[in-house]
Amino acid sequence: MAELTKGQKIQFLRTILKIRRFEEKTIQMYQIAKIWGYLHPYVGEEAIAVGACAAINKSDYIISTHRGHGHSIAKGADLNRMMAELLGKATGYCKGRGGSMHIADTELGMLGANGIVGGGIPISVGAGFSCKMEAKGRVAVCFFSDGASNNGVFHEALNMAAIFNLPVIYVCENNMYAISMSSCDSIACKDIAKRAAAYDIPGVIVDGSDPEAVYRVVTEAVELARQGKGPSLIEAKTYRFGGHHPNDPADYRDKQEAEFYKREKDPVINYKKRLLEEKVISQTEIDTMEKEIITAVEDSVKFAEESPEPSLEKFLEEVRSI
Amino acid sequence: MAELTKGQKIQFLRTILKIRRFEEKTIQMYQIAKIWGYLHPYVGEEAIAVGACAAINKSDYIISTHRGHGHSIAKGADLNRMMAELLGKATGYCKGRGGSMHIADTELGMLGANGIVGGGIPISVGAGFSCKMEAKGRVAVCFFSDGASNNGVFHEALNMAAIFNLPVIYVCENNMYAISMSSCDSIACKDIAKRAAAYDIPGVIVDGSDPEAVYRVVTEAVELARQGKGPSLIEAKTYRFGGHHPNDPADYRDKQEAEFYKREKDPVINYKKRLLEEKVISQTEIDTMEKEIITAVEDSVKFAEESPEPSLEKFLEEVRSI
Amino acid sequence: MREIEYREAIREAVMEEMNRDPKVFLIGEDIGKYGGAFRAYKGLLDMYGPERVINTPISEATIIGSGIGAAVTGYRPVAEIMFIDFTGLAMDQIVNQAAKIRYMTGDNLRCPLVIRTQGGAGRGVAAQHSQSLEAWFYHVPGLKVVMPSTAYDVKGLLKTAIRDDNVVVFIEHKMIYLNKGPVPEEEYIIDFGVADIKREGKDVTIFAYSNMVFKALEAAKDLEQEGISCEVFDPRTLVPLDMEALLKSVKKTNRLVVVTEACERGSVASDISAKVSSQAFDSLDAPVKIVAGLNTPIPYNSILEQASIPHKADIVKAVKEVLA
Amino acid sequence: MREIEYREAIREAVMEEMNRDPKVFLIGEDIGKYGGAFRAYKGLLDMYGPERVINTPISEATIIGSGIGAAVTGYRPVAEIMFIDFTGLAMDQIVNQAAKIRYMTGDNLRCPLVIRTQGGAGRGVAAQHSQSLEAWFYHVPGLKVVMPSTAYDVKGLLKTAIRDDNVVVFIEHKMIYLNKGPVPEEEYIIDFGVADIKREGKDVTIFAYSNMVFKALEAAKDLEQEGISCEVFDPRTLVPLDMEALLKSVKKTNRLVVVTEACERGSVASDISAKVSSQAFDSLDAPVKIVAGLNTPIPYNSILEQASIPHKADIVKAVKEVLA
Ligand SMILES: Cc1ncc(C[n+]2csc(CCOP(=O)(O)OP(=O)(O)O)c2C)c(N)n1
Ligand SMILES: Cc1ncc(C[n+]2csc(CCOP(=O)(O)OP(=O)(O)O)c2C)c(N)n1
Ligand SMILES: [Mg+2]
Ligand SMILES: [Mg+2]
């Protein structure tokens, strides 16, 4: 595997920051009720989406989850259309019909977030069949978290992907919780990666706070997949920095635990520090980058707020025509 | 573990033979259309039910499958009521409402055969909760075959049984086929027992044609379960001697493969031979035993044929009252 | 009488039954420390411990299977599916196992299982978290279907559900957990199959259940101003259904509006309409009118979401139509 | 015209579409060497190879998920669920994913997926293998529901289903695979939403679909002897429904009998009855009569099984009732 270029590293940082600032904004917007419904911030987990999506091409597919903003942004989604969707506007990715949990874009190979935990996992198998039949080396990356790994569809899908040698990379973002359920209590084996043995596929553990580490393991898995060697399971150890949703105080979990992760495993803090140490970027450059990102996020809010609501008449017409 | 007594061994042979002769009879009856619907003979797999059920008590539970006659007989079911059920008679275990795929008996801890592949696996978790809450050392044995192990419920159930330390013994009868689907093509890992690793529970392989071997491994698993040490997964390697059902010529599988198993792995042939060699039983005693069993099977047919059909009036009355 | 929240009434029902019968236990996702997605079980883990308040992984099929296995071996589980939308993952266990096990085994195995869940739109949670799917269960022999509207009803009916020897699908509505209503301190239960006339009237019968009862009551109040007297008929349990009381009401008013939040096509409302249209053919002065959700996945945008489900105005309009 | 079996018509439809469009493929259990549980795919594995005839493990949810994932990325899968009863294991994928994905994503993802399955009673395969569950799918926005009765219809409709850009639940009946019927050699397709009057008549309309069309035709023949002229109306597709043609027929005959093998409560028949009762209120000379399956899990015993589903005699009786 080639060394990461300076440019790639800077891009990693930029996308991590983009996700973080976007998510922080959505939380704010949620708290003032400009966004409603369910919102599941990706704060703390950014390095996984960034590392994984950097390892694939635009033409490759991703399958996302209810906590999907990070995946979309890392795959190249437009912040304006995302924010517009969160505000339910006609200019949003789903024309305001989907909201946070259903963002998708065929152009970018985003096969959809999902309101059903694990709901995308079987769909990844179909994407895998499609890639295999098409035989152009395309792959699919399927994201899900620890909670989803206990649902039956995980087992069915990994088994099928394995027996048919499908080019799908399963990236489990083990953020240690499924709402209030600790993964230590809900998963019978210590590491989810161990479950790969049940399908005779590689099972790899990676530090989910390190985008480069994630990039490396996903790149390896993608290579196997493109060579027709079938799926892999990657467990990225991470932590959900906030509650399950913005209004969840997460009082079911240990305060010190949360503090530890926020202090030691924050991809924003750590990766900034690393790139500064490696002299890949300067503090001034970071500041400029941050400013650009904040502007872009603010712009997305402006775009969203100024966008029209979907037309009620058109909606009613459509319904009648179904 | 105590050595098996002579009496136990003879009992093993008797039950193996009982299942075999019963199944042969049901196939005959099916071919002359006295039994209809679906019928899935257990021929070739008898030693598993016999060894497993010998390792538990009457008060313990079993959860069975669409190929369930052997489990019922080994758990102590009455041939008359079984045959009556297969003929749809009012005297059958299910009063004629269930047929082959739904035989159950609370008294005997038989929580039901099942027409849905894998359908009983989640139910075993509930039986496990029940045993655990009751805290009287009861256990449950859940039978299923290779095909079922690919269904999502297998994963969910084993995970739950493991995290809650439930006293359930999962006995996978790997008979190498799910209808026409070879387990080599459908299961991504070589041995299903390996899947135990995904739940950090013991995973044991045993020769399913040897009732004593099955008895030993199940006894060990039962001991763990009764000690509160949670579930086990046992993979009993076996072979479905006939087609999926009596009218299935099974032309999708290799003739020589089938011949090999029928010649080398027939529990009836092998266990008779072993007990003769060990001088646990004589040929004359076996002959007597066979005669008794054949009579019992014939009697069950007589009983079933002479039994009344369920009352249509009562049925209609019941339906109205639901 | 004291007034308590709908969700508090649920909690009381569950606690009373757990105290009365040690065989009753709870199982579901996030029902431990979290107290359930709508906090109806707040504090129960501390009171009853993890053996009777079983917090599960995200394994809907096996939550129901756990309920079945425990029920057929002598327990009385209350198994929770957090959103009715997620029953899609458990339909085999609900329909092929739970609903049929007693029947198929010739009464050998009894399955006193309560499946608690909630549905409905109105919170901007889009197509996979807003459905009204009672019609699925209503169609399956072997399932009772209960959809209480008030705090009083939910308490009395949940207690009955837990005592019932059969499978009960108990469906709440996400928009009414915080509604307060009078609930007596003393113990009571409500029998299944007994409708409650939430408001008496003589010009038209409005059949409504769950959250729609409130919209029907609002409509009735408005219509009263215009001199139209509406009878608001809350069946409370859809299976068994109090058909006798419904026919009595319709024979009095000669007009029927059926309200459901679910999509009209193949809805419970259609079934009620069909039943009344044929069983009270000669009493009806106008065709039965259905007020139902639109035939669409529920959109996220709240203007569209609101447009997808019935409101007071729709009911008012329908009442006027059947009276026209 | 040549006559071929219903299952042969299926095979022809699939082959023609596979030959026409390389994006069409088949996926399901035992569809390889075995040729499908009812042998409709006999020989197709040899013809199209394992890449286009994908034989899966017993993983119903993931069979549908595979269909969805392939469909939204440009393929046209025909995914098979061996028995409609087993859709219980795949309802989340069918209802929460497939049916909604196009809508929820604002038309971003299209899902041209056919879900082939079969249902119905009559073969002594008891409660978990004999259900008629079309009402579930009928109720879900985003799904088309097709239930062909004849070899001619199944071929033309399956070809249309495969070409449709939306999700189609295609439901066959286990008792009619061997029925022979005229099917032209030349290619044809049948549009969705176009009913077929299987027999013209003037005294009463009998709405029937799938296997019940044949029972209705038998009844009509008997009734003719008694001077009663029945119109047998086969909608062929339940969603979309040819309501216009149905109303036209009812306005002619002024009487309607709706036949379904499914349990009456919450059935498609109830919905049809409700629709016609209100939309043709003034044309109906008698209440709509439903002939449906009993409200019971299907029993194994064949006397009871037969008693659970409608027969010619039940239809004859119902027709006489609406004419009385
Ligand atoms: C099938 C299903 N069950 C339950 C839920 C409710 N729910 C939403 S998110 C969530 C937790 C998911 O946990 P995990 O998979 O670990 O994802 P995370 O939230 O940690 O990203 C639950 C239980 C759901 N949406 N879908
Ligand atoms: C959920 C489900 N899918 C498919 C079927 C149809 N079917 C009946 S038996 C069978 C094969 C089962 O294979 P396995 O679990 O290995 O059991 P075996 O027949 O070998 O005992 C299949 C696919 C079913 N009954 N249930
Ligand atoms: Mg998680
Ligand atoms: Mg097998």
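When every heavy atom of C:Q128 is checked against every heavy atom of A:I116, the shortest pair comes out as OE1-N, 3.4 Å. Taking all atoms of both residues into account, the shortest heavy-atom contact from C:P57 to A:S186 is CG-O, 3.7 Å. In terms of heavy-atom proximity, A:S180 sits nearest to C:Y34 at OG-CB, 3.4 Å.
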Stepwise, does the side-chain hydrogen bond (donor to acceptor under 3.5 Å, both in side chains) test hold for C:S59 with A:N150? CA-CA 6 Å; C:S59 305; A:N150 291 323; 5.8 Å; no

Go through the steps to decide whether C:N301 and A:K89 satisfy the test side chain to side chain contact (heavy atoms under 4.5 Å, CB included), and finish with yes or no. CA-CA 7 Å; C:N301 174 282; A:K89 296 303 183 70; 5.5 Å; no

Let's go through A:I179 and C:M82 carefully: what are the C-alpha distance in whole Å and the side-chain angles of both, what is the deciding distance for side chain to side chain contact (heavy atoms under 4.5 Å, CB included) to 0.1 Å, and is it a yes or a no? CA-CA 12 Å; A:I179 308 187; C:M82 202 189 272; 3.9 Å; yes

Run A:M181 and C:I58 through side chain to side chain contact (heavy atoms under 4.5 Å, CB included) and show every step you take. CA-CA 9 Å; A:M181 177 53 122; C:I58 305 172; over 6 Å; no

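Contact annotation for A:F315: only side-chain heavy atoms (C-beta onward) come within less than 4.5 Å of a heavy atom of chain C. Of the atoms belonging to A:D248, it is side-chain heavy atoms, and not backbone ones, that fall under 4.5 Å from chain C. Contacts of A:H245 with chain C are made by side-chain atoms alone, with heavy-atom separations under 4.5 Å and no backbone atom involved. Of the atoms belonging to C:S130, not a single heavy atom falls under 4.5 Å from chain A. Contact of C:E305 with chain A is made through the side chain alone, with heavy-atom distances under 4.5 Å. Only the side chain of A:L316 comes within contact range of chain C, with heavy atoms under 4.5 Å apart.
When the candidates A:L86, A:L39, A:D146, A:I187 are compared by the number of heavy-atom contacts under 4.5 Å with chain C, A:L86 comes out ahead. Ranked by heavy-atom pairs shorter than 4.5 Å toward chain A, the options C:A61, C:S308, C:S302, C:G88 are led by C:S302. Ranked by heavy-atom pairs under 4.5 Å with chain C, the first of A:G98, A:A178, A:S311, A:A148 is A:G98.
Interatomic distance, A:W36 CH2 to C:R123 CZ, rounded to the nearest 0.5 Å: 9.0 Å.
You'll find the side chain of A:R320 stays beyond 4.5 Å of the side chain of C:L294, heavy atoms only. With contacts defined as side-chain heavy-atom distances shorter than 4.5 Å, the pair A:P310/C:L304 qualifies. C:K33 is not listed as a side-chain neighbour of A:R253, based on a closest heavy-atom distance of 4.5 Å or more.
Ring centroids of A:H102 and C:Y300 are separated by 6.0 Å or more, keeping the two rings apart.
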